Amino acid sequence: MHSVIRFLDITQTQIDDIAKDINQLLPGFCAEIKPCVRNANQFSFDISQKSDWQEHEKDILNTLKVIKPAIIRAYKRSPSLEVHLDTAIHLIDYESRFVTEVYWGMELLATLLKCKIIPMFSIYHIQYYDHILDNKE
């Protein structure tokens with residue numbers, strides 16, 4: 001699993017301002033800005049890569065609690081801003097299980113709501129992804 005916080009429809013200047021604001025609250029968090037391959041106006045920052053969902057969710061919640069003021073200020077500066085919490089689930093995260101349950105706890109949902117963050121899961125099937133890469137050559 002891998003979770004990022006993604007800011008959509010913003011300029012490089014706006015993301016620099018957001019990163020500076022977040023780094024004041026959580027030093028080094030925005031050390032690596034990752035532009036989106038599909039859209040130049042999207043940027044993301046890593047939150048967690050822990051494979052245990054409860055630990056992963058705890059990382060997300062603890063991070064959002066700290067950076068919440070920066071996200072709220074970003075919305076005030078850029079009302080058209082959209083923020084996503086994207087959790088990527090890879091085949092290795094669920095292939096050996098009959099069923100995989102991943103859920104958002106109430107405290108995390110409340111924090112996402114307060115920060116106007118849209119939660120999402122991206123489910124990857126690695127064999128399909130490999131097929132796409134093979135066809136690009």
Side-chain angles (χ1 to χ4, degrees):
M1 276 181 273
H2 181 201
S3 287
V4 298
I5 186 164
R6 183 173 299 119
F7 296 85
L8 292 81
D9 299 324
I10 57 174
T11 65
Q12 183 63 49
T13 301
Q14 290 169 317
I15 197 63
D16 290 341
D17 291 342
I18 292 168
K20 181 180 175 185
D21 208 8
I22 289 174
N23 278 331
Q24 288 178 345
L25 299 168
L26 193 60
F29 179 75
C30 298
E32 186 179 344
I33 298 174
K34 297 181 178 183
C36 180
V37 176
R38 295 170 286 165
N39 186 333
N41 295 329
Q42 294 182 15
F43 299 88
S44 62
F45 304 101
D46 290 332
I47 292 184
S48 183
Q49 293 187 32
K50 292 184 179 165
S51 59
D52 177 76
W53 175 247
Q54 288 160 336
E55 291 299 314
H56 198 95
E57 183 184 31
K58 199 179 300 181
D59 281 353
I60 295 168
L61 181 60
N62 291 339
T63 301
L64 293 181
K65 282 181 177 179
V66 173
I67 68 171
K68 179 171 74 171
I71 294 171
I72 292 169
R73 283 191 292 274
Y75 271 112
K76 287 180 182 175
R77 289 191 301 258
S78 304
S80 65
L81 175 69
E82 193 170 305
V83 182
H84 293 177
L85 171 67
D86 186 2
T87 298
I89 311 274
H90 300 276
L91 181 63
I92 196 167
D93 296 319
Y94 62 87
E95 69 182 339
S96 64
R97 301 176 184 159
F98 177 70
V99 66
T100 299
E101 295 176 325
V102 180
Y103 59 88
W104 301 109
M106 293 303 287
E107 188 177 8
L108 178 55
L109 286 172
T111 302
L112 292 169
L113 185 61
K114 287 177 189 171
C115 293
K116 298 181 183 177
I117 296 174
I118 299 166
M120 60 187 291
F121 288 105
S122 297
I123 311 294
Y124 292 89
H125 189 283
I126 199 72
Q127 291 171 337
Y128 178 71
Y129 184 69
D130 288 344
H131 175 72
I132 291 171
L133 292 178
D134 290 342
N135 287 331
K136 284 191 175 182
E137 297 180 83

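These numbers were taken from a predicted model, which means no experiment stands behind them.
Interatomic distance, CD1 of I22 versus CD1 of I71, reported as 5.5 Å (0.5 Å rounding). Note that CG of L61 is 5.0 Å distant from OG1 of T111, once rounded to the nearest 0.5 Å. Considering NE2 of H84 and OG of S3, their distance stands at 14.0 Å, rounded to 0.5 Å. Atom-to-atom distance recorded for I118:CD1 and E82:CD is 4.0 Å, nearest 0.5 angstrom. Taken to the nearest 0.5 Å, the CG atom of D9 stands 10.5 Å off from the OG atom of S78. Atom CG of residue L26 and atom CG of residue D21 lie 12.0 Å apart, to the nearest 0.5 angstrom.
Contacts of D17 classified as side-chain contact (heavy atoms from CB on, under 4.5 Å), with partners at least two apart in sequence or in another chain: T13, R77. Applying the side-chain contact (heavy atoms from CB on, under 4.5 Å) rule to D59 yields the partners S48, K50; only residues at least two apart in sequence or on another chain are considered. Listed by chain and residue number, W53 satisfy the ring-ring contact (aromatic ring centres under 6.0 Å, His included) test with H56 (two or more places apart in sequence, or in another chain).
Looking at every heavy atom in both residues, D86 comes nearest to F121 through OD1-C, 4.1 Å. Here the closest heavy-atom approach between residue Y75 and residue L81 is recorded as CE2-O, 3.1 Å. Residues I15 and I10 share a closest heavy-atom pair of CD1-CD1, 3.5 Å.
Grouping the Ile, Leu, Val, Met, Phe, Trp and Tyr side chains by contacts below 4.5 angstrom, directly or via other members, places I72 apart from I18.
Here the side chains of I5 and L64 are in contact, with some heavy-atom distance below 4.5 Å. Residues P69 and L25 form a side-chain contact, since some pair of their non-hydrogen atoms from C-beta on lies under 4.5 Å apart. Looking only at side-chain heavy atoms (C-beta outward), E107 and K65 come within less than 4.5 Å of each other. Contact check for V83 versus K116: no side-chain heavy atoms found under the 4.5 Å cut-off. Side chains of L113 and L109 form no contact here, defined as non-hydrogen atoms less than 4.5 Å apart.
Taking the six-membered ring for Trp and thresholds of 30 and 60 degrees, F7 and F45 have ring planes more than 60 degrees apart, a perpendicular arrangement.
In this structure, the side chain of E57 engages the main chain of G105 through a donor-acceptor pair within 3.5 Å.
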